[in-house]
**Student:** 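Below is the structure I would like to discuss, written out as structure tokens.
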Protein chains: 2
Amino acid sequence: MRLSTKGRYGVTAMMDLAIHDNAGPVTLADISQCQGISLSYLEQLFAKLRKHNLVEGVRGPGGGYRLSRPADQISVAEIISAVDEKVDATKCNNQGDCQGGERCLTHDLWTELSDRLYTFLSGITLSQFVNRPGIHELAIQRDKINGRFILARRQAEVLNQSRQHN
Amino acid sequence: MRLSTKGRYGVTAMMDLAIHDNAGPVTLADISQCQGISLSYLEQLFAKLRKHNLVEGVRGPGGGYRLSRPADQISVAEIISAVDEKVDATKCNNQGDCQGGERCLTHDLWTELSDRLYTFLSGITLSQFVNRPGIHELAIQRDKINGRFILARRQAEVLNQSRQHN
DNA sequence: TCAATCCCGACTAAAACACTCGGGAATACA
DNA sequence: TGTATTCCCGAGTGTTTTAGTCGGGATTGA
């Protein structure tokens, strides 16, 4: 388990996708501008997210990325372990040989802690953040200012439709 | 907030201290052998732990490190932020200028997430792991095998005393 | 005194991070 | 059919962090 700026980039990018989930794909160029990180670096992160089936890309004009599953089925834990890739276990653990044939019990305690942490992060989904009152309205406002006019209009339409359905 | 192998080293080392809390100080040499990391590197980590008032050193023969507070008053969150030092915030956040005068709301969401995480880790103390039935007995056994005879004997005495008190 | 400890700072190799560049392939739209 | 827009891919590069080494102190118990 690991949590660095890389994980933060992954999670915030996925939040962005979740916010615009019903408004067509989001381009990496948009996220790049917003997050303040380079486009190519984002591409590398999204390659991992795609490899782990968390997002899917849409090519061509008007394309971008969208979530490959509903936001309530994507946990923060998944995202982090996707971009950070590989949890290197303790040096002696599982080999069992921690000096003198007995293995350090602190390693077991650590394993338990990281399990707890992973469980905690698994319980936090993207939808928990996105489906709060006001978020979508804020997103539309923001998008208008930032020049996502078309997306914002499409998003509004989709919102209206879903309201009519309810 | 950040969580890498460095944080793991810090937490496992602190667990070791907590286990032997009532049995005199623990030497870095012992921890070094057990964790499989270099002594000097451990010294650097403990310099930070000491700077943050989580441990105190005892010099001279029979010396080592001990917790500077009871184990139930030391949280995992404290340890991690001590060794990892400085949480670098988002690039545009708090400056408020995330492209076009409006700030990315994903950053706010991220802040909320890392707050939740920190709160979670603040609720986990060293004593939660150490004060479980069997741990102390296991520690004594392990120490005997590993050559901590003197410590083990002192620990046993302390244990007996505390039993008489109860 | 002597050995065991903690303490301290400077240096170094390797890995991870963040980024750049240069090209492709698919696709909406003219 | 062309063209711009997007995703896709790999190779290379500078910087930072990680993990470690080295060499020397300062304290202190026996």
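Protein chains get the first letters and strands the later ones, always in sequence-line order, with residue 1 at the start of each.
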**Student:** Where each residue is assigned the nucleotide of DNA chain C containing its nearest heavy atom, which of A:Ser38 and A:Ser4 is assigned the position nearer the 5′ end?
**Tutor:** A:Ser4

**Student:** Quick one: does B:Phe46's side chain get under 4.5 Å of B:Ile31's, heavy atoms only?
**Tutor:**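 In short, these two side chains touch, coming nearer than 4.5 Å.
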
**Student:** Out of D:dT18, D:dT21, C:dC17, which nucleotide sits closest to the side chain of B:Lys6?
**Tutor:** D:dT18

**Student:** In whole angstrom, what separates B:Leu39's CG from D:dG24's C1'?
**Tutor:**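 For the pair B:Leu39 CG and D:dG24 C1', the rounded distance is 14 Å.
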
**Student:** Rounded to the nearest Å, what distance is computed from the CD1 atom of residue A:Ile80 to the P atom of nucleotide C:dC17?
**Tutor:**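 So the CD1-P distance, A:Ile80 to C:dC17, works out to 13 Å.
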
**Student:** Taking atom types as modelled, find out whether B:Arg8 and B:Gln35 have a side-chain donor-acceptor pair closer than 3.5 angstrom.
**Tutor:**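 Per modelled atom types, B:Arg8 and B:Gln35 side chains form no pair under 3.5 Å.
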
**Student:** Determine, for A:Phe129 and B:Arg116, whether the Lys NZ or Arg CZ falls below 6.0 Å from the six-membered ring centre while staying within 45 degrees of the axis.
**Tutor:**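 Yes, B:Arg116 sits over the ring of A:Phe129.
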
**Student:** Would you kindly give the CG-to-P distance between A:Leu42 and D:dT6, to the nearest whole Å?
**Tutor:**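 One finds 15 Å between P of D:dT6 and CG of A:Leu42, rounded.
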
**Student:** When the distance from CG of A:Asp84 to C1' of C:dA18 is rounded to whole Å, what number comes out?
**Tutor:** 14 Å

**Student:** For the pair made of CG in B:Asp30 and P in C:dA4, what is the distance, rounded to whole Å?
**Tutor:**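 Spelled out: CG on B:Asp30 to P on C:dA4 is 13 Å.
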
**Student:** Any pair with a residue in residues 37-57 of chain B that passes side chain to side chain donor-acceptor pair (under 3.5 Å), sequence neighbours left out, goes on the list, sorted by first then second residue, please.
**Tutor:**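 Sorted pair list comes back empty.
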
**Student:** Is A:Tyr41 close enough to D:dT13 that one of its side-chain N or O atoms is under 4.0 Å from OP1 or OP2 there?
**Tutor:**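 False: A:Tyr41 side-chain N/O out of range (4.0 Å or more) of D:dT13 OP1/OP2.
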
**Student:** Which residue lies toward the 5' end of DNA chain D, A:Pro61 or A:Ser40, if each is placed at its nearest nucleotide?
**Tutor:**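 Closer to the 5' end of DNA chain D: A:Pro61.
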
**Student:** Hey, is the side chain of A:Gln44 pairing donor to acceptor with the base of C:dC19 inside 3.5 Å?
**Tutor:**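 Such a pair is found, so the answer is yes.
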
**Student:** Nearest whole angstrom, please: distance from the C1' of C:dC17 to the OH of A:Tyr9.
**Tutor:**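 Atom-to-atom, A:Tyr9 to C:dC17, this comes out as 9 Å.
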
**Student:** Provide, to the nearest angstrom, the distance between the CG atom belonging to B:Leu3 and the P atom belonging to D:dT17.
**Tutor:**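 Taking CG of B:Leu3 and P of D:dT17, I get 17 Å after rounding.
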
**Student:** In whole angstroms, how far is the C1' atom of C:dA25 from the CD atom of A:Glu43?
**Tutor:** 13 Å

**Student:** Working to the nearest 0.5 Å, report the span between CG of B:Leu67 and CD1 of B:Ile74.
**Tutor:** 4.5 Å

**Student:** Less than 4.5 Å apart, side chain to side chain, heavy atoms only: is that true for B:Trp110 and A:Val11?
**Tutor:** yes

**Student:** Any side-chain heavy atom of A:Val55 within less than 4.5 Å of one from A:Ser68?
**Tutor:**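 Answer no - side chains too far apart.
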
**Student:** Within residues 45-60 of chain B, which residues have any heavy atom lying less than 4.0 Å from an atom of DNA chain C?
**Tutor:**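 Here the set is B:Arg50, B:Gly57, B:Val58, B:Arg59, B:Gly60.
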
